[in-house]
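A short write-up of the structure that comes next.
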Protein chains: 2
Amino acid sequence: MKRNFVTSAQVADRAGVSRSAVSRTFTPGAYVSPEVREKVLLAAEEMGYRINRLAKSLLTSESSLVAILASKLSEPFIAAQIDALSAMLADRELQTLLLNSGARRDMAAMMNLVLEYRVKAVIILSGAPSEKLVEQCLKSRQRTILINRVQESGNVDIIQTDDRAGGRLAACHMIERGYRNLAVVREASDTPSQRRRAQGFAEAAEEKGLTVRHWLGGEGGYESGRNAARELRMRSAVDGVFCTTDRIALGFLNTCRFDLGLDVPSEIGIVGFDDIEEAGWPSHALTTIRQPVSAIVSAVASILESDPSEISGHAHVVPVELVTRQTTRP
Amino acid sequence: MKRNFVTSAQVADRAGVSRSAVSRTFTPGAYVSPEVREKVLLAAEEMGYRINRLAKSLLTSESSLVAILASKLSEPFIAAQIDALSAMLADRELQTLLLNSGARRDMAAMMNLVLEYRVKAVIILSGAPSEKLVEQCLKSRQRTILINRVQESGNVDIIQTDDRAGGRLAACHMIERGYRNLAVVREASDTPSQRRRAQGFAEAAEEKGLTVRHWLGGEGGYESGRNAARELRMRSAVDGVFCTTDRIALGFLNTCRFDLGLDVPSEIGIVGFDDIEEAGWPSHALTTIRQPVSAIVSAVASILESDPSEISGHAHVVPVELVTRQTTRP
DNA sequence: TCCTATTGTGCACACGAGTGCAGATGACGC
DNA sequence: GCGTCATCTGCACTCGTGTGCACAATAGGA
């Protein structure tokens with residue numbers, strides 16, 4: 001497996017100069033005479049020379065790698081975040097080390113890897129890691145950015161959408177549109193942010209004197225929504241449902257419409273959370289709480305640009321917004 | 001930005017042994033006496049020592065990084081591939097370097113990066129790179145795996161779904177179900193694999209004496225589908241449409257149903273390609289050509305495991321399959 | 001007791017690059 | 001012609017790790 005890459009020494013030989021000259025040619029700011037530079041560039045071109053970034057960052061102890069840790073990469077909202085984040089990183093000349101923590105893979109091992117690669121920072125997307133791992137990061141003075149995850153033990157940068165406000169918005173909207181038998185549905189893989197959304201919803205509803213039924217279960221967003229729809233409708237006369245994720249909501253919506261033959265929004269109203277692309281399609285036209293990816297990404301960017309020594313530890317809050325479509329009564 | 005990580009020398013000091021002993025403790029296969037191993041592990045634990053993978057792979061010149069190069073990361077079929085690929089890599093103790101080549105980013109610069117990181121292999125997902133770049137890879141003896149991209153200049157590993165067969169399948173199916181005024185729709189960012197699908201479709205239709213209208217344009221899959229639906233229907237009496245991508249097909253479908261008020265499948269039939277999750281939802285129930293991600297991934301796996309010296313250069317063909325749902329007449 | 005076999009450890013070098021410092025080279029002025 | 005300065009280049013050290021080789025230590029046998 002040992003491929004022979006071209007080294008700066010080989011280029012130096014060919015160009016008839018010293019290795020230092022080669023190094024300086026490729027180091028912005030360092031000085032070389034135009035003639036030497038010319039010779040070096042020519043030789044490098046001919047031999048297909050490329051700097052070895054491993055060696056470079058070993059020496060300068062500066063890595064341009066940023067790790068993104070996530071599970072369920074193919075869920076639209078996660079995929080959208082990864083897309084936007086990696087684009088933002090690329091614009092800043094940083095590279096993305098993607099760690100898929102899905103399924104049975106060992107999270108501890110993944111984190112070890114992050115540390116072994118001496119990455120500049122780790123971005124942990126919602127739903128992924130255990131508390132112990134985050135502590136491990138901190139212990140190794142690894143810069144850590146959490147998205148939509150609470151973490152009590154300080155010194156981590158946290159970006160959080162305003163989940164409670166989102167839940168409250170959903171509740172107010174449904175009540176205003178005349179729904180009275182409310183329920184909230186979330187996945188079995190119960191993340192803190194889903195819990196906060198549910199709390200916000202229940203809170204606001206109870207302030208108006210309504211009680212809220214809770215449903216929890218299923219495997220994966222869409223399937224959870226399907227199961228919830230079947231079971232909730234069987235047992236009760238729920239007429240307004242808040243799903244803590246658009247994918248749950250879409251599962252719920254489709255099952256209501258196509259399996260149970262219910263009319264949405266007249267017989268039952270549905271509100272989701274995230275505003276993924278599919279929610280806006282006319283085949284769904286889901287009323288939902290928008291969580292802007294761009295705001296999350298720019299928060300990450302500003303953290304990366306801030307001074308790493310002053311670890312803020314205070315949370316950036318991303319605002320949410322109600323998007324009214326056609327799964328709630330006009 | 002210079003963080004001080006713990007080095008093996010520091011651990012050795014603390015444990016009162018030589019640096020070699022530390023190295024051997026963490027190298028499987030190397031021998032150390034149990035007592036020394038114990039001491040080293042203890043010291044390492046206390047100090048939070050982690051191997052520096054950069055230094056290690058510099059020395060052994062073996063990288064455990066595999067780069068994935070793709071654009072439009074958030075499109076479901078791309079996201080699904082990235083998810084599955086990164087999971088497969090993780091199972092093999094390899095890491096994923098994700099390069100987002102979307103938008104205006106400079107592909108040449110991206111490829112340079114790949115080469116600078118001395119990755120074990122590059123996986124290029126459909127639609128991404130120009131021919132020159134691939135040649136550049138080859139010149140640097142970089143192992144390159146192309147997915148759904150043709151490349152004449154040999155020595156690359158190619159994985160290709162059987163696009164033509166897929167197109168033919170779609171055509172036969174539509175003709176069998178009684179559609180006669182056929183059209184094929186593809187995106188403006190016209191990838192080779194989309195072109196092959198269209199060719200297969202047109203071929204099969206013409207063999208049965210039918211002519212096929214071609215439509216090409218739009219920006220992004222879903223939007224292309226929407227535009228196509230509006231324009232095609234305006235100008236002609238097309239009644240059977242093959243979209244070279246599920247996302248195009250879904251845009252087409254939704255526009256037919258909700259904007260033009262057409263009944264699918266009785267007035268117009270639609271067939272897609274890929275079989276993304278959303279295609280199977282009852283809100284769409286799209287008839288489509290399935291392209292199994294699992295087959296693609298295991299082909300990549302087998303290439304990675306094969307001997308790198310015998311660069312096969314011969315293409316792996318991934319079979320396709322018709323999935324009949326409700327956007328074509330029964 | 002002495003020799004040999006065995007076992008474990010440490011020294012030193014290598015990987016590929018950046019950079020401080022000294023020294024070479026050339027130009028220029030007196 | 002000689003001294004001074006500016007300009008460039010090369011030597012040698014450094015980063016953190018793996019590993020061949022030589023050597024120390026210990027045990028075992030004659």
Side-chain angles (χ1 to χ4, degrees), chain A residues 1-41 43-44 47-65 112-113 115-119 140, chain B residues 1-41 43-44 47-65 112-113 115-119 140:
Chain A
M1 191 60 242
K2 200 160 189 141
R3 288 195 309 273
N4 285 331
F5 280 102
V6 182
T7 76
S8 61
Q10 293 171 29
V11 176
D13 272 0
R14 173 130 182 179
V17 297
S18 80
R19 210 184 47 69
S20 319
V22 177
S23 171
R24 283 191 249 265
T25 321
F26 290 101
T27 307
Y31 194 87
V32 223
S33 67
E35 302 89 50
V36 173
R37 159 174 246 106
E38 190 75 14
K39 279 196 289 185
V40 170
L41 286 177
M47 308 176 72
Y49 169 71
R50 295 268 132 62
I51 282 186
N52 186 334
R53 259 203 144 65
L54 272 43
K56 176 169 173 169
S57 52
L58 169 60
L59 181 57
T60 59
S61 74
E62 279 206 346
S63 171
S64 61
L65 285 175
N112 270 333
L113 270 171
L115 296 172
E116 288 174 10
Y117 272 106
R118 304 291 191 261
V119 300
S140 309
Chain B
M1 191 61 243
K2 200 159 191 142
R3 287 193 310 273
N4 285 332
F5 281 101
V6 183
T7 76
S8 59
Q10 293 171 27
V11 176
D13 272 0
R14 173 134 185 175
V17 297
S18 79
R19 210 182 48 68
S20 318
V22 177
S23 171
R24 283 191 249 265
T25 320
F26 289 101
T27 308
Y31 192 86
V32 225
S33 68
E35 303 90 52
V36 173
R37 161 175 244 105
E38 190 74 14
K39 280 196 290 184
V40 170
L41 287 179
M47 308 177 70
Y49 170 70
R50 295 267 132 63
I51 281 186
N52 186 334
R53 256 203 147 64
L54 271 43
K56 176 171 173 166
S57 53
L58 168 60
L59 181 58
T60 60
S61 73
E62 277 206 348
S63 171
S64 61
L65 285 175
N112 270 333
L113 270 172
L115 296 172
E116 289 175 11
Y117 272 105
R118 303 291 192 261
V119 300
S140 310

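Just so it is clear: chains get the letters A, B, ... in the order the sequence lines come, proteins before strands, and each one is counted from 1.
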With DNA chain D as reference, determine whether B/Thr7 or A/Ala21 sits nearer its 5' end, using the nearest nucleotide of each.
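On the 5' side of the pair lies A/Ala21.
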In B/S/- notation (B base, S sugar-phosphate only, - none; protein heavy atoms under 4.0 Å), nucleotides 21-27 of chain D written 5' to 3' is -------
Below 3.5 Å, does any donor atom in the side chain of A/Thr60 face an acceptor in the base of D/dC15, or the other way round?
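There is none.
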Ignoring hydrogens and angles, does a donor from either the side chain of B/Arg53 or the base of D/dG16 sit under 3.5 Å from an acceptor on the other?
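Checked by distance alone, the answer is no.
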Would you kindly compare B/Glu35 and B/Leu58 by the position of their nearest DNA chain C nucleotide and give the one closer to the 5′ end?
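Per heavy-atom nearest nucleotide, the more 5' residue is B/Glu35.
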Within this structure, what is the [atom1]-[atom2] distance for the pair [X] and [Y], rounded to the nearest 0.5 Å?
X: B/Leu54; Y: A/Lys56; atom1: CG; atom2: NZ; answer: 12.5 Å
X: B/Ile51; Y: B/Ser23; atom1: CD1; atom2: OG; answer: 7.5 Å
X: A/Ser33; Y: A/Arg24; atom1: OG; atom2: CZ; answer: 11.0 Å

Residue-phosphate contact under 4.0 Å: [X] side-chain N/O, [N] OP1/OP2:
X: B/Ser33; N: C/dT9; answer: yes
X: A/Ser20; N: D/dT9; answer: no
X: B/Tyr49; N: D/dT17; answer: yes

Base, sugar-phosphate, or nothing for [X], non-hydrogen atoms under 4.0 angstrom?
X: A/Ser8; value: sugar-phosphate
X: B/Arg37; value: nothing
X: A/Val22; value: nothing

Of the options [options], whose atoms approach the side-chain atoms of [X] most closely?
X: A/Ala55; options: D/dT9, D/dG18, C/dA17; result: C/dA17
X: B/Leu59; options: C/dC15, D/dT19, C/dG16; result: C/dC15
X: A/Thr27; options: C/dT19, C/dA17, D/dT17; result: C/dT19

Among B/Thr25, B/Val6, B/Leu41, B/Val17, find the one that has a side chain to side chain contact (heavy atoms under 4.5 Å, CB included) with B/Val11.
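With B/Val11 as partner, B/Thr25, B/Val6, B/Leu41, B/Val17 yield a single side chain to side chain contact (heavy atoms under 4.5 Å, CB included), made by B/Val6.
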So which atom in [X] and which in [Y] form the shortest heavy-atom distance, rounded to 0.1 Å?
X: A/Ala43; Y: A/Ala15; value: CB-CB, 4.0 Å
X: A/Arg118; Y: B/Arg50; value: NH2-O, 3.0 Å
X: B/Ala55; Y: A/Leu58; value: CB-CD1, 3.8 Å

Euclidean distance, atom [atom1] of residue [X] to atom [atom2] of [N] [Å, nearest integer]:
X: B/Leu54; N: D/dT14; atom1: CG; atom2: C1'; result: 16 Å
X: A/Phe26; N: C/dA17; atom1: CZ; atom2: P; result: 10 Å
X: B/Tyr117; N: C/dA17; atom1: OH; atom2: P; result: 14 Å
X: B/Ile51; N: D/dG18; atom1: CD1; atom2: P; result: 5 Å
X: A/Glu38; N: D/dC8; atom1: CD; atom2: C1'; result: 17 Å
X: A/Glu116; N: D/dG18; atom1: CD; atom2: C1'; result: 15 Å
X: A/Lys39; N: D/dC8; atom1: NZ; atom2: P; result: 14 Å
X: A/Arg19; N: D/dT14; atom1: CZ; atom2: P; result: 15 Å

Residue-level proximity of residues 11-18 of chain A to DNA chain C when a heavy atom falls under 4.0 Å
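Within this stretch, nothing sits under 4.0 Å of the strand.
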Does a side chain donor of either A/Ser64 or B/Tyr117 reach within less than 3.5 Å of an acceptor in the other side chain?
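The criterion, which ignores hydrogens and geometry beyond distance, is satisfied for B/Tyr117 and A/Ser64.
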Angle of first-five versus last-five pair axes in the helix from C/dT1-D/dA30 to C/dC30-D/dG1, to 10 degrees:
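End-to-end axis angle for the helix from C/dT1-D/dA30 to C/dC30-D/dG1: 60°, rounded to 10°.
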State whether the side chain of B/Arg19 and the backbone N or O of B/Ala9 hold a donor-acceptor pair below 3.5 Å, judged by distance alone.
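Flag not set: sc B/Arg19 to bb B/Ala9 has no pair under 3.5 Å.
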